[in-house]
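Data block below; observations after.
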Amino acid sequence: MSPSNTPPPSGNPPLGINLPPGNGMRPDHRVTPLHGPDFAADPHAVYQRLRRFGPVAPVELAPGVRAHLVTDYRAALEVLRSPDAFAKDARRWRALADGRVAPDNPVVPMMAYRPNCLFTDGEAHRRLRGAVTDSLERIDPNALRGYVERSADVLIDRFTTLGEADLLGSYAKVLPLLVFNQLFGCPPALGDRLVEGMSGIFDGVDAERANTLITATLTELIALKRRQPGADMTSWLMAHPAQLSDEEMIHQLVVLMGAGTEPQQNLIAGALRLLLCDDRFAGDLAGGSMPVDDALDEVLWLDPPMANYGVHYPTADLEFAGVRLRAGDPVVVSFAAANTDPALRPERHSGQRTGNRAHLAWSAGPHHCPAKDPARLIASAAVERLLDRLPDLELAVPAEELVWRPGPFHRALTALPVRFPPQPVPAPDPAGHRPGLTGHRADRPDRPDRPDRPDRPDRPGRQPGHRPAGMASGTYAPDVPSAPTFGTPTFDTSASDPSTSSASDTPGASRWNAPPAPSRSTPPAGTSTARPPVSGPTDRRSPWSSLGAWWRGQ
């Protein structure tokens with residue numbers, strides 16, 4: 001991690017020391033809900049009120065689910081960096097274990113224990129996270145950017161002639177799914193089924209069928225990759241010396257896909273919204289330069305895609321920042337509130353954050369996001385490609401009419417309707433390249449800079465607030481082309497089943513990586529074999545229910 005990405009050290013004072021205490025405003029009935037449209041409409045006003053309680057405030061995540069919300073930057077770092085005092089294993093959640101929180105409560109799928117790197121501590125966490133981190137390090141960023149751009153072109157081609165689109169439903173939502181299909185090495189048939197199943201889960205359409213489809217598809221994918229590994233995340237995870245069982249593989253894929261779809265779409269949509277409606281960015285956008293990195297930093301500081309998460313559980317009763325915390329009570333880190341803590345240096349909350357990446361949007365400590373670099377690359381490439389193709393984008397509704405999805409954890413729009421002059425679909429040259437697209441509009445010699453348009457008036461024939469037809473559609477034809485082959489897989493496929501699809505049919509056979517970097521956590525080893533599940537067979541709640549509840553804001 002580079003110094004610019006590292007939060008400043010907190011000094012790690014003893015728990016409860018050197019942090020400002022509360023002011024006594026802590027009666028049990030003074031609990032602030034973090035659910036419903038009021039919180040969704042203006043969460044920062046809620047955070048400001050909560051700061052009157054001190055660094056930690058009582059909140060309600062959903063009806064009947066109480067928690068403590070950390071709104072102070074230093075206190076947040078202390079929680080995130082103190083795994084001995086604040087654990088991630090949700091089996092410690094006392095209210096759920098005692099039955100005071102019902103298993104079907106809408107926040108349970110996002111908080112309940114899973115045998116993956118997000119919900120484990122100590123040696124179990126190091127083992128599972130090592131498999132994820134080492135596999136992510138094998139991704140070649142150039143190959144990843146190339147596939148994002150090609151996938152983006154396919155999606156943009158579907159609406160470029162229409163002159164209007166919902167950039168959330170037609171672009172930001174589906175692009176991460178397509179990229180992840182490629183990263184995980186899904187053959188076309190399995191990739192199509194995953195897109196169909198995940199769309200059903202996320203849209204709430206025939207969720208039970210979607211659950212069955214996704215589980216069966218992942219099981220088939222894992223079996224395929226055990227027989228015929230390729231240069232893809234699925235194969236790298238199962239080849240890791242951690243020797244993940246099939247059950248662990250499914251749960252690791254759940255957390256990776258969950259973290260790589262919903263937050264990713266919110267980051268892309270948030271940056272596009274900022275570029276389209278914030279005067280600090282819109283002026284540069286109209287003038288021909290693209291401050292995409294600045295827009296991403298601004299979103300990650302002010303409206304991080306996962307605004308309140310980082311759920312921890314005190315391992316013992318303790319005094320923290322003037323509050324008595326009981327063992328097993330949820331302590332939720334508000335990344336959004338901590339990032340806007342008034343105690344931070346003025347430049348961190350005054351719009352002068354260029355190049356400053358000490359925000360907590362990627363969390364911190366042993367559970368900081370291991371995929372922040374590829375996540376940022378995907379978002380940057382997605383935004384740049386869209387603005388390259390459609391440089392005259394404008395919001396189709398006033399910015400204040402955009403609606404945010406309710407929910408305690410995320411910061412997510414319901415739609416991002418835009419309009420633009422219809423553009424023909426460009427014909428690729430024989431090599432498959434699109435003319436005049438460089439990925440950075442400031443470097444484009446094929447089009448002179450346009451004059452600034454400070455008022456951005458409505459175009460002739462369109463009414464203010466016009467909402468594009470069909471903008472909420474969630475149906476997509478999964479016709480994204482496979483990435484080119486960069487070389488042969490790095491795995492021994494001598495034991496491959498000849499009845500399976502060939503490497504040329506499997507996007508996972510594309511070489512995402514240069515020669516693989518050696519594992520930093522354990523020595524190299526061959527492809528692992530399935531081991532018995534580490535968790536019991538009871539309470540086999542579908543792991544995909546968390547994604548569905550998350551996506552629908554429940």
Side-chain angles (χ1 to χ4, degrees), residues 7-23 25-26 30-35 39 43-61 65-88 90 92-93 95 107 110-111 118 300-344 348-349 358-369 408-411:
S10 65
N12 291 326
L15 293 175
I17 304 299
N18 297 332
L19 290 172
N23 60 7
M25 298 175 57
R26 299 182 183 278
R30 298 285 304 275
V31 176
T32 301
L34 299 189
H35 51 88
F39 174 71
H44 287 284
V46 176
Y47 302 145
Q48 185 60 33
R49 293 196 300 270
L50 289 173
R51 290 190 179 100
R52 295 179 298 172
F53 290 84
V56 182
V59 296
E60 184 180 67
L61 302 178
V65 181
R66 300 288 184 89
H68 298 278
L69 190 74
V70 181
T71 61
D72 177 273
Y73 187 89
R74 289 189 62 216
L77 279 177
E78 188 168 353
V79 171
L80 296 170
R81 292 173 169 176
S82 304
D84 292 338
F86 294 96
K88 289 285 291 179
R92 295 177 179 271
W93 187 6
V107 298
M110 286 295 296
M111 296 174 62
L118 184 62
L300 292 168
W301 272 101
L302 293 182
D303 287 309
M306 294 305 294
N308 307 297
Y309 202 40
V311 185
H312 291 72
Y313 303 89
T315 57
D317 293 355
L318 57 86
E319 192 82 13
F320 181 75
V323 181
R324 186 67 176 171
L325 302 178
R326 297 183 62 204
D329 285 350
V331 175
V332 179
V333 174
S334 177
F335 303 124
N339 285 347
T340 55
D341 182 352
L344 294 178
R348 291 198 185 151
H349 51 78
H359 56 73
L360 298 182
W362 307 116
S363 190
H367 284 274
H368 76 273
C369 177
F409 303 124
H410 55 231
R411 182 63 170 159

Report yes if the side chains of [X] and [Y] come closer than 4.5 Å at any heavy-atom pair, otherwise no.
X	Y	answer
Asp317	Arg324	yes
Thr315	Asp84	no
Trp93	Tyr313	yes
Pro304	Arg411	no
Ser363	Cys369	no
Leu360	His368	no
Pro58	Phe53	yes

Set of residues satisfying ring pair (Phe, Tyr, Trp, His ring centres under 6.0 Å) with respect to His367, sequence neighbours excluded:
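Result, ring pair (Phe, Tyr, Trp, His ring centres under 6.0 Å) vs His367: His125.
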Would you compute the distance between atom CG of Leu34 and atom CG of Leu61 and round it to the nearest 0.5 angstrom?
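Reported value, rounded in 0.5 Å steps: 6.0 Å.
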Evaluate side-chain contact (heavy atoms from CB on, under 4.5 Å) for Leu300 paired with Trp362, printing each intermediate quantity in order.
CA-CA 8 Å; Leu300 292 168; Trp362 307 116; 3.9 Å; yes
Specify whether Tyr47 and His44 have parallel, tilted or perpendicular ring planes, treating 30° as the upper limit for parallel and 60° as the lower limit for perpendicular.
perpendicular
Using the side chain to side chain contact (heavy atoms under 4.5 Å, CB included) definition, which of the options Val323, Thr71, Leu50, Val79 pairs with Val56?
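Among Val323, Thr71, Leu50, Val79, the one that satisfies the side chain to side chain contact (heavy atoms under 4.5 Å, CB included) with Val56 is Val323.
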Between [X] and [Y] (side chain of the first, backbone of the second, donor and acceptor by atom type, cut-off under 3.5 Å), is there such a pair?
X	Y	result
Arg81	Glu78	no
Tyr309	Met110	yes
His410	Pro408	no
Asp72	Pro55	no

Distance-only check: which donor-acceptor pairs under 3.5 Å involve side-chain atoms of residues 325-337, not counting sequence neighbours?
unit_1: Ser334; atom_1: OG; unit_2: Asn308; atom_2: OD1; d: 2.6
unit_1: Ser334; atom_1: OG; unit_2: Ala337; atom_2: N; d: 3.0

Can you check side-chain contact (heavy atoms from CB on, under 4.5 Å) on Phe86 and Leu318, steps first, answer last?
CA-CA 10 Å; Phe86 294 96; Leu318 57 86; 4.2 Å; yes
Residues that Arg92 engages under side-chain hydrogen bond (donor to acceptor under 3.5 Å, both in side chains), provided they are two or more places apart:
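None.
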Apply side-chain contact (heavy atoms from CB on, under 4.5 Å) to Arg66 and Val31, showing your working.
CA-CA 8 Å; Arg66 300 288 184 89; Val31 176; 3.3 Å; yes
Given Thr340 and Arg51, is the side-chain contact (heavy atoms from CB on, under 4.5 Å) satisfied, shown in steps?
CA-CA 11 Å; Thr340 55; Arg51 290 190 179 100; 3.1 Å; yes
What closest approach, in Å, do Leu344 and Asn339 show between heavy atoms, and which atom pair accounts for it?
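The pair with the smallest heavy-atom distance is CD1-O, 3.3 Å.
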